[in-house]
Amino acid sequence: FILHAHILSWSGDIPALAKVMCTTGHNSYKACRFCSICGTYCQENRHVYFPLKPPAGTSENQYDPKNLPLRTHESYIDDINVIKYANGSSHKRKVQERGVYDQSILFELKSIKFPTSFPVDIMHGLFENIAPSMLWHWSGTFFKEDHNNNTDYVLSNKVWTEIGNIMNINRKNMPLDFGRPPIDIQRHSAAFKAEDWSNWVNLYSLPLLQNYLSERYLNGWAKFVHAVKLCLKQNITMTELAVIEKLFLEFVTHYER
C-alpha cells in the first residue's frame, strides 16, 4: 500500500509563523493571525498594542472578547486577492489594512487551513510571553516611564529579594519530578528557559505571591494559572476546553482593568 503523510499544523513563535503565513507581524496594526482586531499605536512606547477597550480620548473600536471578528480560511483568501490587485500606495495601505502581504506557499497544501493549522504555541505564547510580562508588571519595569509603573500591584525590591531567597534556599528540597530546580527569579529571570517559566507559573508563583500581592491581583493571576494547568493535561475534555476559554477571558478582562 501507499502511505500518505499530510501536514496538519505548524508551530513556532510569532515572528516565524508570520513569515510562513505571509502576515505583517506582531508590531503591525493587524498582527493577530486569528482575528482582525485593529491595534492602537502608543507614541510613548512606540509600539502597537491591542486593547479591547480603546484608550480615553480615542475613537478606536471596542471589542467583545467573547465575540471577536475571527479570521477564516476564506477571509485569508479574500485578503490575498485584494492585495494581489492593489498597486502603488494603494497596495501598501491594503497590506496594512488586511495584515497580509502575499500568498503563503502553504495554501497549496489541502490539509492546511488558515489560521486553525497554526495554533498558539504554549511555550512562546504563555511561558515566554505572558509570564515574564506579568513579572515586569509586578516588579515595576514593564513601562519605560516610571510614572506608568507607579501602581498598587508593584512589589518592592525587598519583597522580590525575599521571594528569590526562598526559591534559592529550596533548590535542594524540590523533587526531581518537578524538573529544573527553582532559580532566584529576581536575579536570574533574564536567563529563565521555558521550563523555568512553566514551573514559576504552575508551582511557585501563587504560594510565593500570596503574602505580598493583594487579593484582587492574586485572584486574577490565579485564573491564568488554572487555565495553563488545564492546557498542560495530556487529555482535555470538551468541558475543560470551555473552562479554559472562560478562565482566559476572565484573565484578559482582569488584566485590562
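Note that the structure is a prediction, hence the values are computed from the model and not measured.
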*Asks:* Could I get the full list of side chain to side chain donor-acceptor pair (under 3.5 Å) partners for Asn129, not counting sequence neighbours?
*Replies:*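 Asn129 satisfies side chain to side chain donor-acceptor pair (under 3.5 Å) with no other residue.
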
*Asks:* Which pairs pass ring pair (Phe, Tyr, Trp, His ring centres under 6.0 Å) with one or both residues in residues 26-61, sequence neighbours excluded?
*Replies:*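 As it turns out, there is no ring pair (Phe, Tyr, Trp, His ring centres under 6.0 Å) pair with a partner in residues 26-61 once direct neighbours are skipped.
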
*Asks:* Taking salt bridge (Lys or Arg N to Asp or Glu O under 4.0 Å) as the cut-off, I'd like each qualifying pair that reaches into residues 161-176, sequence neighbours left out, listed once.
*Replies:* none

*Asks:* Could you tell me how the ring of Phe118 sits relative to the ring of Trp10: parallel (under 30°), tilted (30 to 60°) or perpendicular (over 60°)?
*Replies:* parallel

*Asks:* If the condition is side chain to side chain contact (heavy atoms under 4.5 Å, CB included), which residues does Lys229 pass it with, not counting sequence neighbours?
*Replies:*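 Scan of Lys229 (side chain to side chain contact (heavy atoms under 4.5 Å, CB included), adjacent residues dropped) gives Asn202, Val225.
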
*Asks:* Are the side chains of Val82 and Arg98 in touch, meaning some heavy atoms are under 4.5 Å apart?
*Replies:* yes

*Asks:* Quick one about Tyr217 and His254 (side-chain donor to acceptor, distance below 3.5 Å, no hydrogens or angles considered), yes or no?
*Replies:*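 The criterion, which ignores hydrogens and geometry beyond distance, is not satisfied for Tyr217 and His254.
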
*Asks:* In this structure, are over 12 heavy atoms from other groups packed under 6.0 Å from Asn157 atom CG?
*Replies:* no

*Asks:* Where the side chain of Ser139 meets the backbone of Leu135, is there a donor-acceptor pair that is under 3.5 Å apart?
*Replies:* yes

*Asks:* Looking at Val20, is its backbone amide N or carbonyl O close enough to the side chain of Ser104 to form a donor-acceptor pair, meaning the two atoms are under 3.5 Å apart?
*Replies:* yes

*Asks:* Just by distance, with hydrogens left out, do Thr161 and Gln186 show a side-chain donor and acceptor under 3.5 Å apart?
*Replies:*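 A donor-acceptor contact under 3.5 Å links the two side chains.
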
*Asks:* Applying side chain to side chain contact (heavy atoms under 4.5 Å, CB included), name anything that partners Leu109, two or more places apart in sequence or on another chain.
*Replies:* Ile7, Leu106, Ser111, Ile112

*Asks:* What are the two closest non-hydrogen atoms of Ser117 and Leu8, and how far apart are they?
*Replies:* OG-O, 3.1 Å

*Asks:* For Arg93, check salt bridge (Lys or Arg N to Asp or Glu O under 4.0 Å) against everything at least two apart and list the hits.
*Replies:* Glu97

*Asks:* With a 4.5 Å cut-off on side-chain heavy atoms, are Leu209 and Trp138 touching?
*Replies:* yes

*Asks:* For a quick test of reading the model, state the closest non-hydrogen atom pair linking Pro119 to Arg33 and the distance between them.
*Replies:* O-NH2, 3.1 Å

*Asks:* Under the side chain to side chain contact (heavy atoms under 4.5 Å, CB included) test, which residues partner Lys84, sequence neighbours left out?
*Replies:* Ile80, Asn81, Gln103

*Asks:* Minimum heavy-atom separation for Gln210 to Leu218, with atom names?
*Replies:*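 Smallest heavy-atom distance, with atoms named: CA-CD2, 3.6 Å.
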
*Asks:* Measure across Trp221 and Ala131 and return the closest heavy-atom pair with its distance rounded to 0.1 Å.
*Replies:*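 Minimum heavy-atom contact is CH2-CA, 4.5 Å.
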
*Asks:* Do you know the tightest heavy-atom contact between Lys223 and Glu250?
*Replies:* NZ-OE1, 3.1 Å

*Asks:* Just checking Glu215: does its CD atom have more than 12 heavy atoms from other residues, nucleotides or ligands closer to it than 6.0 angstrom?
*Replies:* no

*Asks:* Are Tyr204 and Phe127 joined in one hydrophobic group, where the rule is that I, L, V, M, F, W and Y side chains link up if heavy atoms are under 4.5 Å apart?
*Replies:* yes

*Asks:* Taking side chain to side chain contact (heavy atoms under 4.5 Å, CB included) as the criterion, tell me which of Asn61, Leu68, Asp64 meets it with Leu52.
*Replies:*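 Going through the options one by one, the only one that passes is Leu68.
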
*Asks:* Counting only heavy atoms not in Glu108, do more than 12 fall under 6.0 Å of its CD?
*Replies:* no

*Asks:* Report yes if some heavy atom in the side chain of Pro51 is under 4.5 Å from a heavy atom in the side chain of Thr40; otherwise report no.
*Replies:*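 With C-beta onward as the side chain, the pair touches.
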
*Asks:* Does a side-chain heavy-atom distance below 4.5 Å link Ile130 with Phe248?
*Replies:*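 Sidechains of Phe248 and Ile130: no contact.
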
*Asks:* Show the nearest heavy-atom pair for residues Lys193 and Glu128, with the distance to one decimal.
*Replies:*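 Scanning both residues, the minimum pair turns out to be C-OE2, 4.2 Å.
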
*Asks:* What pairs with Asp196 under salt bridge (Lys or Arg N to Asp or Glu O under 4.0 Å), at least two apart in sequence or on another chain?
*Replies:*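 Asp196 satisfies salt bridge (Lys or Arg N to Asp or Glu O under 4.0 Å) with Arg180 once adjacent residues are dropped.
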
*Asks:* Does the side chain of Thr72 reach to within under 4.5 Å of the side chain of Ser75, using non-hydrogen atoms?
*Replies:*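 They are in contact (side-chain heavy atoms under 4.5 Å apart), so the answer is yes.
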
*Asks:* Which pairs with one or both residues in residues 159-185 pass ring pair (Phe, Tyr, Trp, His ring centres under 6.0 Å), sequence neighbours excluded?
*Replies:*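 Matches after skipping sequence neighbours: none remain.
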
*Asks:* Suppose the criterion is ring pair (Phe, Tyr, Trp, His ring centres under 6.0 Å): which pairs have a residue in residues 52-88, not counting sequence neighbours?
*Replies:* His73-Phe107, Tyr76-Phe114

*Asks:* Return the set of residues passing side chain to side chain contact (heavy atoms under 4.5 Å, CB included) with Arg257 (not counting sequence neighbours), or none when no residue passes.
*Replies:* Arg216, Thr253

*Asks:* For a 4.5 angstrom cut-off between non-hydrogen side-chain atoms, does Thr23 reach Leu17?
*Replies:* no

*Asks:* Residues two or more places apart in sequence or in another chain: which of them pass ring pair (Phe, Tyr, Trp, His ring centres under 6.0 Å) with Phe251?
*Replies:* Phe224

*Asks:* Is there a side-chain contact between Glu240 and Thr237 in this structure, where contact means two heavy atoms from C-beta onward sitting under 4.5 Å apart?
*Replies:*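 Touching, per the 4.5 Å side-chain cut-off.
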
*Asks:* Does CD1 belonging to Ile14 count more than 12 external heavy atoms closer than 6.0 Å?
*Replies:* no

*Asks:* Do Asn170 and Asn173 pair up side chain to side chain, a donor and an acceptor below 3.5 Å, judged on atom types alone?
*Replies:*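 Asn173 and Asn170 do have a side-chain donor-acceptor pair below 3.5 Å.
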
